[in-house]
There are 2 protein chains.
Amino acid sequence: MENILFDFMSKYVSLTEEEKNIILSFDIFHSVKKGTILLKEGQKSKSSYFVLKGCIRTYYVSDNEEKTTAFYTEMEALTPPCVITQTPSEYYVSCIEDTLLTISNSDMEAEVNDKFPKFETLCRKLSEENLAKQQINFDEFKTSSPEQRYLNLLEKRPDLIQRVPQYQLASYLGIKPESLSRVRARITEKNK
Amino acid sequence: MENILFDFMSKYVSLTEEEKNIILSFDIFHSVKKGTILLKEGQKSKSSYFVLKGCIRTYYVSDNEEKTTAFYTEMEALTPPCVITQTPSEYYVSCIEDTLLTISNSDMEAEVNDKFPKFETLCRKLSEENLAKQQINFDEFKTSSPEQRYLNLLEKRPDLIQRVPQYQLASYLGIKPESLSRVRARITEKNK
DNA sequence: TTCATTTCTTAACTTAAGTGAACGAGTTGT
DNA sequence: ACAACTCGTTCACTTAAGTTAAGAAATGAA
């Protein structure tokens with residue numbers, strides 16, 4: 001379990017055994033059941049998440065409707081904006097599968113960053129890389145139609161289509177569930 | 001001019017005169033004319049931009065059409081994804097006004113980050129903050145209609161509507177120029 | 001297993017965005 | 001001043017997404 005994390009981290013910085021032990025000295029590994037809510041709207045939080053196995057999603061609730069905006073699966077990290085801005089959360093974070101993840105605290109991170117520049121380098125690289133990915137994602141979203149977005153998802157994250165309910169996928173694609181049904185029908189129609 | 005930059009930086013870390021001089025020892029301030037292309041599709045680059053005054057935009061070209069995805073104005077920083085991934089750029093960056101900006105090189109940043117942990121802290125905080133902003137932006141985009149997006153823009157970045165051509169705004173909002181015209185007509189219609 | 005609830009799909013209708021074409025206003029270059 | 005462009009808007013038409021409602025399929029709990 002620790003190895004999944006350290007293998008991932010080794011892509012960014014090389015860690016000594018001592019440094020690994022410092023990380024392990026915090027109690028960051030958690031196993032959470034499907035349906036567990038990790039963060040609620042209105043709540044203040046200092047927790048960041050890194051998914052080792054499973055899937056978590058972020059969603060807003062307005063007009064009695066869930067609006068799912070992101071999924072985080074294996075090897076993906078989420079620091080909710082509210083942790084950065086230190087304001088109450090605008091959204092919910094929940095597990096859509098039994099999930100194994102690390103939960104780290106921003107105070108703890110600040111402390112470790114302070115003592116070990118190497119961790120700060122890791123954090124910087126990770127967030128730079130995530131920002132770059134996010135920008136490209138957003139650009140693709142803006143410049144394509146719902147149908148193209150669905151086809152794009154089929155190509156890039158086919159697992160999501162299997163493991164996530166359609167109504168959550170729909171808002172992730174920026175459309176209503178009924179429209180997603182039609183998009184799917186249209187596509188299978190074309191393919192025969 | 002330097003002061004604009006240092007005032008901005010002081011929000012994240014406090015700098016000594018010596019550290020400021022190190023920054024100034026690199027030739028980072030540039031004044032560029034409207035229309036200048038800072039980065040072309042297919043080009044490799046190590047440059048990040050920070051806008052002191054003016055406005056730059058990022059856009060893709062496909063099917064002989066420009067697709068504008070972002071604008072960066074005063075106090076906003078852009079590190080194109082290609083700089084992070086070290087691959088040829090997918091898009092163009094150009095100035096839509098006479099612009100005063102800093103251009104920094106990722107090699108130079110790596111060097112300074114290495115010598116002065118404080119700079120690395122600055123970079124980390126900046127990219128964490130930008131990632132959080134970007135996430136919220138993307139979420140808002142996903143969960144709203146073109147009309148709501150336009151109204152949202154009107155509220156949050158009214159200056160853009162004045163300083164940017166409509167056809168660029170349109171793709172920024174994920175629609176065609178003709179649709180933006182209609183959205184605007186619809187809104188002024190409602191307001192009387 | 002059965003019943004209740006949730007999720008997905010289909011259909012009919014409404015609303016808005018995409019498309020192609022035309023027009024006028026404003027700009028640029030000669 | 002004039003021609004050539006660019007840009008924003010409008011129009012008519014097409015296509016797709018939103019909405020409302022109903023029913024089928026899947027899921028979960030008793």
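Labels below follow one simple rule: chain letters A, B, ... track the order of the sequence lines, proteins then strands, and each chain is numbered from 1.
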- Query: Do B:T69 and B:T58 pass the side chain to side chain donor-acceptor pair (under 3.5 Å) test, and can you show the C-alpha distance, the side-chain angles, and the key distance before you say yes or no?
  - Reply: CA-CA 6 Å; B:T69 52; B:T58 60; 3.1 Å; yes

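In this structure, the side chains of A:T68 and A:Y167 stay at 4.5 Å or more apart for every pair of heavy atoms. Between B:N130 and B:Q134, every side-chain heavy-atom pair lies at or beyond the 4.5 Å cut-off.
Closest non-hydrogen pair, B:C123 versus A:E128, comes out as CB-OE2, 4.4 Å.
Listed by residue number, A:P146 are the residues of residues 145-162 of chain A with a heavy-atom contact under 4.0 Å to DNA chain D.
In this structure, NZ of A:K34 is placed 14 Å from C1' of D:dA29, rounded to the nearest angstrom.
The outermost nucleotides of DNA chain C lying under 4.0 Å from heavy atoms of chain A, listed 5' to 3', are C:dT7 to C:dA12.
Using a distance-only test at 3.5 Å, with no hydrogens or angles considered, a donor-acceptor pair links the side chain of A:R163 to the main chain of A:G54.
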- Query: When every nucleotide of nucleotides 4-14 of chain D is labelled 5' to 3' by its protein contacts under 4.0 Å (heavy atoms), B for base, S for sugar-phosphate only, - for none, what sequence of letters results?
  - Reply: ---SSBB-B--

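B:Y72 has its ring centre no less than 6.0 Å from the ring centre of B:Y49.
In this structure, B:Y92 OH and B:L39 CG are separated by 9.5 Å, a value rounded to the nearest 0.5 Å.
Aromatic ring orientation, A:F8 versus A:F50: tilted (interplanar angle from 30° to 60°). Ring planes of B:F141 and A:F138: perpendicular class, angle over 60° (limits at 30 and 60°).
The environment of B:E90 atom CD is sparse: at most 12 non-hydrogen atoms of other residues, nucleotides or ligands sit within 6.0 angstrom.
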